[in-house]
Colleague: 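One structure is given below, represented as structure tokens, and several questions about it will come after.
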Amino acid sequence: MNQGGGTPPSAPQATTRPPLTGAPIRPEDLDTPTAAERRAAAAPTPAAAGSLGVTVASLGDPARSGFWMETPLVSAPTRGSVLYRANGRRLNVDLIPIGGPATGGSRLSLSAMRMLDAPLTALPQVEVFAN
């Protein structure tokens, strides 16, 4: 309450941000590989050179399309595969090196996470193989 000659309380500030319009962005809106790219990713895995190790995978940049994993388990870009042991699904991916110890985490593409049926908001463990 304003008693006496003081200044009245200020009015609430109006927002200058435009209102949100349209439908919210869904994972399938950003999951854009072609049917041929999906078939290639799901094709039987070529003879693997062996397991590179197990890593915890977080969701990588969802705006970056394709089937890839950024991981400290490789030192040069190569083809490989990831196995999600929780459901037995295996997927061919491009393995992209990132800095950090081999025990560090990895980032998996949105398309790969979805085809593996791994939860997008969790940190699934996957086994990584080089081809």
Colleague: Could you report the tightest heavy-atom contact between Pro72 and Gly99, atom names first, then the distance?
Modeller: CB-O, 4.3 Å
Colleague: Under the side chain to side chain contact (heavy atoms under 4.5 Å, CB included) rule, what do Leu52 and Leu95 come out as? Steps first, then yes or no, please.
Modeller: CA-CA 11 Å; Leu52 299 174; Leu95 299 174; 4.1 Å; yes
Colleague: Does the side chain to side chain contact (heavy atoms under 4.5 Å, CB included) test come out yes or no for Arg114 and Leu120, once each step is laid out?
Modeller: CA-CA 8 Å; Arg114 292 189 74 216; Leu120 300 179; 4.1 Å; yes
Colleague: Output, in order, the C-alpha distance, side-chain angles, deciding distance and verdict of side chain to side chain contact (heavy atoms under 4.5 Å, CB included) for Val126 and Thr55.
Modeller: CA-CA 6 Å; Val126 295; Thr55 186; 3.9 Å; yes
Colleague: Under a 4.5 Å cut-off applied to non-hydrogen side-chain atoms, are Pro97 and Pro77 in contact?
Modeller: yes
Colleague: Distance from Glu37 atom CD to Ser111 atom OG, nearest 0.5 Å?
Modeller: 8.5 Å
Colleague: Verify, without hydrogens or angle tests, whether Asn87 (side chain) and Leu116 (backbone) share a donor-acceptor contact under 3.5 angstrom.
Modeller: yes
Colleague: To the nearest 0.5 Å, how far apart are CD1 in Ile98 and OG1 in Thr71?
Modeller: 6.0 Å
Colleague: Mind checking the CE-CZ spacing from Met115 to Arg89? Nearest 0.5 Å is all I need.
Modeller: 8.0 Å
Colleague: Run through Asn92, Asp94, Asn131 and flag the one making a side-chain hydrogen bond (donor to acceptor under 3.5 Å, both in side chains) with Arg79.
Modeller: Asp94
Colleague: Quick one: are Leu123 and Ser58 in side-chain contact, heavy atoms under 4.5 Å?
Modeller: yes
Colleague: Write down the atom of Ala112, the atom of Val93, and the distance for their closest heavy-atom approach.
Modeller: CB-CG1, 4.4 Å
Colleague: Is Leu91 linked to Trp68 within one hydrophobic cluster, defined over Ile, Leu, Val, Met, Phe, Trp and Tyr using a side-chain heavy-atom separation of less than 4.5 Å?
Modeller: no
Colleague: Could you see if Leu110 belongs to whatever hydrophobic cluster contains Tyr84? Use Ile, Leu, Val, Met, Phe, Trp, Tyr and a side-chain cutoff under 4.5 Å.
Modeller: yes
Colleague: Look only at the side chain of Ser109 and the backbone of Gly66, and say whether a donor-acceptor pair between them is shorter than 3.5 Å.
Modeller: yes
Colleague: Roughly how far, to the nearest 0.5 Å, is CZ of Arg107 from CE of Met113?
Modeller: 12.5 Å
Colleague: Give the C-alpha distance, both sets of side-chain angles, the deciding distance and a yes or no for side chain to side chain contact (heavy atoms under 4.5 Å, CB included) between Arg64 and Glu70.
Modeller: CA-CA 12 Å; Arg64 186 170 156 209; Glu70 295 172 324; 2.8 Å; yes
